[in-house]
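Data block below; observations after.
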Amino acid sequence: MSTTSASMALVPSSFEAQFFNFSQLQKDQTFTILSTDVDPKLQKLCGETDYPIECLTSTIPFLDENVAINPISILKVEIDAIDSKTKEALDKAFELSVNPPPSRLLLSCLETCIDNYNSILESKQKILNAISLGDADQVSMELSFNMENVFACEDTFKEAEIESPITELNSLLVKIITNSITISVGMINF
C-alpha cells in the first residue's frame, strides 16, 4: 500500500481557521497527516477512525500537556467536542428561531432540533460515567442516541421540505459522534 503525504496547519482555537492541502489520492492509497503540531500517537489514533481529519480538528482544541494520548482519554476529549459543537448548534438554532422570526414550519423544525440538542447535552455525564465504570454498552447506546437525535433534527427539515440552515453543524456532529463510537467500540477494551 502506498502512502501520500498531506500538509496541514492547525489553529487549535477555531474549526474555521484550518488549512488542508492534500495531494490527489488514488483509491488504494492512504494518507498520513504530517505536522509538527500534532502528536504522532494522536495522528495514528485518529487515522483509525472513519473521519480522521474531523477527529484531529475536534480533539486538538481540548488537548493540553496533561492529556495522555490513548483511546480512553481521546474518547473523553471527543465527548467534550460533541458537547461544544452541540452547544454551538443549539445557539444557532435558537438564534434562527428568534432573529428574524421564522415561518411556523421552520420554527417547528428548529424547536425539534433544540429539543434534540438538549438531549445530547444531557447525555454527556451519562457517557462519562459509563466510561469511568467501563460500561461499553452504555457508552455505545448513549452515543447512538446522540446520533439519532442529530438525524431526527435533519429529518424534520426534510419532511417539511425545507433546506436545513444547520446541516453543516449537524454533519460535523455526526462525524464526531461516529468517531467516538469507533473509538469506544474498536479501540477500547472495557
Side-chain angles (χ1 to χ4, degrees), residues 1-35 37-63 67-90 92 113 116-117 120-121 123-124 127-128 131 136 139-155 158 164 166-188:
M1 175 167 36
S2 61
T3 303
T4 301
S5 293
S7 63
M8 164 170 119
L10 293 174
V11 179
S13 63
S14 172
F15 284 104
E16 289 72 42
Q18 297 156 11
F19 171 76
F20 301 101
N21 179 16
F22 294 96
S23 302
Q24 184 88 11
L25 295 177
Q26 303 299 319
K27 287 183 181 179
D28 66 341
Q29 292 179 318
T30 60
F31 63 89
T32 303
I33 298 172
L34 302 174
S35 171
D37 296 344
V38 180
D39 186 303
K41 289 187 267 181
L42 180 60
Q43 286 186 36
K44 183 177 183 326
L45 191 146
C46 285
E48 295 175 16
T49 66
D50 294 330
Y51 303 100
I53 300 300
E54 288 79 2
C55 176
L56 288 169
T57 59
S58 65
T59 303
I60 289 172
F62 296 97
L63 292 178
V67 176
I69 306 298
N70 62 57
I72 289 179
S73 64
I74 297 306
L75 176 59
K76 289 178 181 178
V77 170
E78 285 284 81
I79 301 309
D80 287 337
I82 291 168
D83 190 68
S84 176
K85 279 296 158 189
T86 301
K87 287 176 181 173
E88 186 178 329
L90 182 62
K92 184 166 185 174
C113 292
N116 290 346
Y117 294 144
I120 293 170
L121 294 175
S123 75
K124 179 182 179 181
I127 295 170
L128 293 174
I131 292 169
V139 171
S140 182
M141 184 176 69
E142 290 295 332
L143 289 169
S144 295
F145 287 155
N146 287 348
M147 184 86 75
E148 288 175 21
N149 280 316
V150 177
F151 287 144
C153 172
E154 281 300 307
D155 287 346
K158 286 178 187 164
S164 171
I166 46 183
T167 296
E168 285 185 33
L169 279 169
N170 284 337
S171 176
L172 181 57
L173 269 171
V174 165
K175 290 174 182 178
I176 298 170
I177 295 168
T178 299
N179 285 344
S180 298
I181 292 170
T182 300
I183 292 168
S184 70
V185 171
M187 299 181 200
I188 299 174

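FYI, the numbering just counts along the sequence from 1.
Counting heavy atoms from C-beta outward, L90 and I120 have side chains that stay 4.5 Å or more apart. L143 has its side chain within reach of I79: a pair of non-hydrogen atoms, C-beta onward, lies under 4.5 Å apart.
To the nearest 0.5 Å, the span separating CZ on F151 from CG on L173 amounts to 10.5 Å. Between the CD1 atom of I176 and the CD1 atom of I181 there is a distance of 12.5 Å, given to the nearest 0.5 Å. Summarising the geometry, atom CG belonging to L75 is positioned 10.0 Å from atom CG belonging to N70; distances are rounded to the nearest 0.5 Å. A distance of 4.0 Å separates SG of C153 from CD1 of I166, quoted to the nearest 0.5 Å. Here the straight-line distance linking atom CD1 of I177 with atom CD of E148 works out to 10.5 Å at 0.5 Å rounding. Once rounded to the nearest 0.5 Å, the distance linking CG of N170 with CD of E154 reads 4.5 Å.
The heavy-atom pair separating P52 from G47 by the smallest distance is CB-CA, 4.0 Å. Taking all atoms of both residues into account, the shortest heavy-atom contact from A81 to S58 is CB-O, 3.4 Å. Heavy-atom minimum distance, L42 versus V38: CD2-CG1, 4.3 Å.
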(request) Evaluate the salt bridge (charged side-chain N to carboxylate O under 4.0 Å, His left out) criterion for residues E48 and K44: first the C-alpha distance (whole Å), next the side-chain angles of each, then the deciding distance (0.1 Å), finally the verdict. (result) CA-CA 7 Å; E48 295 175 16; K44 183 177 183 326; 2.9 Å; yes
(request) Step by step, work out the side chain to side chain contact (heavy atoms under 4.5 Å, CB included) result for K175 and D50. (result) CA-CA 8 Å; K175 290 174 182 178; D50 294 330; over 6 Å; no
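Without hydrogens or angle criteria, N179 side chain to T49 main chain gives no donor-acceptor distance under 3.5 Å. Between the S84 side chain and the D80 main chain, no donor and acceptor come within less than 3.5 Å of each other. The main-chain N or O of L56 is never found under 3.5 Å from a side-chain atom of T59 such that the two would form a donor-acceptor pair. A donor-acceptor pair is defined here as one N or O able to donate and one able to accept, closer than 3.5 Å; such a pair exists between the side chain of T86 and the backbone of I82.
Screening N149, N146, D83 for a side-chain hydrogen bond (donor to acceptor under 3.5 Å, both in side chains) with S123, the sole residue that qualifies is N146.
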